[in-house]
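All residue numbers in this chain count up from 1 along the given sequence.
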Amino acid sequence: STLAKMLAEKLGYKRYYMGGMRREMARTRGLTLQQLNALGESEDWTDKKVDDFQKQLGETEDNCIIEGRTSFLFIPHSLKVLIDVEPTTGAERVFHDLQKNADERNEDSGLTSVASVLESHIRRIASDMKRYENYYHTNIYDLSHYDYVLDTTHLNIQQCFDELYVFVTKQLNVAQATDGQKKHKNP
């Protein structure tokens, strides 16, 4: 989320956060995100509402940052980036963030240690895989879906952003050059 915010700000793009939409869906129903995910294993509305919104965004907007686990699937003409991290490092980062922003995250109950966050992440990944395989017949963790995979495990936030920004701007420049060539070709 931090990288998506930074990238949207630097590029002057609007940012859409699918996880935030799902967290709000959970919160308004008195659930944690983990509970909403578990419900989604048998009730597709928990995912379909957000996924339909992503699809609509892909059909109606350009030059925006859409942060979501299934965005690559619903917006196939987009630049698809996966931000990866070693599980324990990811759990440490989330635990640290929970100490400052627990009300915003709505992750799960009982997240009192890095180990409990890691356990919650393992359950979440299993639920994601089950839901997306069931509803969309896809594995969101298959790296072939992505144009770029950034492993953030051993990088600080500025290093992560710098690498991401270089990749994205290079791709934007290639796309602009290609569009320019198409416009200048003789009919």
Flag if over 12 foreign heavy atoms under 6.0 Å of [atom1], [X]:
{"X": "Lys48", "atom1": "NZ", "result": "yes"}
{"X": "Lys130", "atom1": "NZ", "result": "no"}
{"X": "Glu9", "atom1": "CD", "result": "no"}
{"X": "His154", "atom1": "NE2", "result": "no"}

**Message:** If you take the centroid of each ring, where Trp contributes its six-membered ring, are Phe74 and Tyr136 closer together than 6.0 Å?
**Reply:** yes
**Point-to-point distance, once rounded to the nearest 0.5 Å, from CG of Leu82 to CG of Leu143** = 6.5 Å
**Prompt:** How far does CG of Asp108 sit from NE2 of His121, to the nearest 0.5 angstrom?
**Reply:**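 Separation between the atoms: 9.0 Å.
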Shortest non-hydrogen contact from [X] toward [Y]:
{"X": "Tyr146", "Y": "Ile140", "result": "OH-O, 2.6 Å"}
{"X": "Asp128", "Y": "Asn37", "result": "OD1-ND2, 4.3 Å"}
{"X": "Ser120", "Y": "Leu111", "result": "CB-CD2, 3.7 Å"}
{"X": "Gln35", "Y": "Gly30", "result": "OE1-O, 4.2 Å"}

Whether [X] side chain and [Y] backbone form a donor-acceptor pair below 3.5 Å:
{"X": "Glu86", "Y": "Thr153", "result": "no"}
{"X": "Asp47", "Y": "Thr70", "result": "no"}
{"X": "Ser113", "Y": "Ser116", "result": "yes"}
{"X": "Thr152", "Y": "Asp84", "result": "yes"}
{"X": "Thr169", "Y": "Tyr165", "result": "yes"}
{"X": "Gln159", "Y": "Asn156", "result": "yes"}

**Message:** Side chains of Tyr132 and Arg69 only: does a donor on one sit below 3.5 Å from an acceptor on the other?
**Reply:** no
**Item:** Side-chain H-bond candidate by donor/acceptor type, Gln56 with Asp52, under 3.5 Å
**Value:**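 The criterion, which ignores hydrogens and geometry beyond distance, is not satisfied for Asp52 and Gln56.
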**Item:** side-chain hydrogen bond (donor to acceptor under 3.5 Å, both in side chains) evaluation trace for Ser127 with Glu41
**Value:** CA-CA 7 Å; Ser127 180; Glu41 291 175 17; 2.8 Å; yes
**Prompt:** Hey, which of Tyr16, Tyr17, Tyr13 is the one that makes side chain to side chain contact (heavy atoms under 4.5 Å, CB included) with Ile65?
**Reply:** Tyr13
**Request:** Tell me whether the guanidinium CZ or amine NZ of Arg93 lies under 6.0 angstrom from the six-membered ring centre of Phe95 and within 45° of its axis.
**Result:** no
**Item:** Cation-pi, Tyr148 ring and Lys80 (6.0 angstrom, 45 degrees)
**Value:** no
**Request:** Please examine the side chains of Met6 and Ile157, heavy atoms only from C-beta on, and report whether any two atoms are closer than 4.5 Å.
**Result:**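 When only atoms from C-beta onward are counted, Met6 and Ile157 do touch, with a gap below 4.5 Å.
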